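Note that this is a predicted model, so its numbers are computed, not measured. Numbers here are sequence positions counted from 1. Just so it is clear, the values below take in all heavy atoms, side chains as well, and ignore hydrogens, waters and symmetry mates.
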Amino acid sequence: MKAPPLPLLLTWAALLALLAATLALAYVPMPGPMNVVVALGISVAKALLVLALFMKLFRAPALTRAAAAAGLFWLAVLFALSATDYLTRKVEHAGDLPAPTGREHQPGNR
């Protein structure tokens with residue numbers, strides 16, 4: 001059986017290292033939104049490794065790269081629309097409601 005090429009092994013090792021970094025990041029408290037920023041950076045690095053080596057996108061024909069760019073553009077549009085919905089919601093305080101006890105929905109308590 002023939003051994004896999006060295007670039008594939010190196011990419012596999014890098015993806016495993018980035019997976020370990022993601023797992024370690026879940027247990028490291030960081031101030032503010034830094035956990036999200038670092039996690040997104042790690043995920044972008046993993047995506048670039050997959051795009052570059054496994055999909056061979058950087059050496060692909062122009063039409064294939066255009067299709068990949070259109071997909072990324074559409075993903076950005078969906079994220080932007082979701083963000084505008086989330087950021088424009090107004091959260092109103094519900095008031096001082098009693099804590100639920102579980103007796104509210106018994107048959108006979110109508």
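- Using a 4.5 Å cut-off between side-chain heavy atoms of Ile, Leu, Val, Met, Phe, Trp and Tyr, with links allowed through other members, Leu18 and Met34 fall into the same hydrophobic cluster.
- Remark: Phe79 CZ is loosely packed, at most 12 non-hydrogen atoms of other residues, nucleotides or ligands lying under 6.0 Å away.
- With Leu53 as reference, Thr11 is the one residue of Leu48, Thr11, Leu10 to meet the side chain to side chain contact (heavy atoms under 4.5 Å, CB included) rule.
- Across all non-hydrogen atoms, the minimal contact from Pro29 to Asn35 is C-OD1, 4.4 Å.
- Between Ile42 and Lys46 there is a side-chain heavy-atom pair separated by less than 4.5 Å.
- Listed here is the closest heavy atom pair of Arg65 and Leu57: CG-O, 3.3 Å.
- Considering only heavy atoms from C-beta on, Thr64 stays 4.5 Å or farther from Met55 through its side chain.
- Counting heavy atoms from C-beta on, the side chains of Leu49 and Phe54 never come closer than 4.5 Å.
- Leu8 places none of its side-chain heavy atoms less than 4.5 Å from the side chain of Trp12.
- Residues Val28 and Leu23 fall into different hydrophobic clusters, defined by Ile, Leu, Val, Met, Phe, Trp and Tyr side chains chained together at heavy-atom separations under 4.5 Å.
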